[in-house]
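Down below is the structure, laid out as structure tokens.
For reference, positions follow the sequence shown, starting with 1.
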Amino acid sequence: PEEFDGSPDKAPEFIRKCAMVFDVNPRIYGSNKAKIGYILALCTKGTAKVFADIVRNEYMEKGWDSWDDFKKKFDTQFYTTDVKRKALTQLMKLKQFGSADEYVVRFKQLAQQAGNSDVDFLANHFISGLPFKVREWLADEGIPKELENLYTMVKNRDAQRRQFLGDVPTRRTQFQW
């Protein structure tokens, strides 16, 4: 990722790119200190630099936070109400076009950006973005209480459907279940 200047519009993409670096380099970025240090090293301009300087000084005095605690600090600092509201609006309008895997990934990203962890709210909006026949199928099968189970169930159904049809949908095609 490029250096971060603290712009709230760039924060979600910056964190996603950093997370990708962590995922492909688990040996290097396996510790909280390595992940946090990497991010702070890229906070070199504007409000991000001020944030990084303050956090570094805190860590020198008190020790390093857990990844989750650092992420909360980062989110509080850079995810403004406008960014959260925009993500929430996108989440509420999101529809599945393309694979269920793509839909789940995008839905999770928007839920994280919106800062919403209400399971019922998320499940309802996740389901409302699915094609009608998938919603019917879910109603017949029963909707799991855990979000991850719901995501997995929909992705598995999509994979079965694609395998049966010998079909690999593209992002531009809406599924015909």
For a 4.5 angstrom cut-off between non-hydrogen side-chain atoms, does [X] reach [Y]?
X	Y	result
I39	F14	yes
Q160	F164	no
F126	Y103	yes
D158	V134	no
Q109	P12	no
I28	V21	no

Minimum heavy-atom separation for [X] to [Y], with atom names?
X	Y	value
A48	C43	O-CB, 3.4 Å
A34	S31	N-OG, 3.0 Å
A87	Q113	CB-CB, 3.5 Å
K95	S128	NZ-O, 3.3 Å

Worksheet item: Would V105 and F107 show up in the same hydrophobic cluster when neighbours are defined by side-chain heavy atoms closer than 4.5 Å?
Response: no
Worksheet item: Side-chain heavy atoms under 4.5 angstrom apart, residues restricted to Ile, Leu, Val, Met, Phe, Trp, Tyr: same cluster for V50 and F78?
Response: no
Worksheet entry | side chain to side chain contact (heavy atoms under 4.5 Å, CB included) between D65 and N32, intermediate numbers included | CA-CA 7 Å; D65 277 341; N32 293 331; over 6 Å; no
Practice prompt. In plain terms, say whether R16 and E13 are close enough for a salt bridge, that is, a side-chain N and a carboxylate O under 4.0 Å apart.
Written response: yes
Worksheet entry | Pair D69 + K73: basic N to acidic O under 4.0 Å | no
Practice prompt. Please say which of F51, Y38, F74 ends up in a ring pair (Phe, Tyr, Trp, His ring centres under 6.0 Å) with F4.
Written response: F74
Discussion item. Going by side chain to side chain donor-acceptor pair (under 3.5 Å), name the pairs with one or both residues in residues 43-54, residues two or more places apart or in two chains.
Written reply: E3-T44, K49-D53, D53-R56
Worksheet item: For the rings on Y29 and W67, is their centre-to-centre separation under 6.0 Å?
Response: no
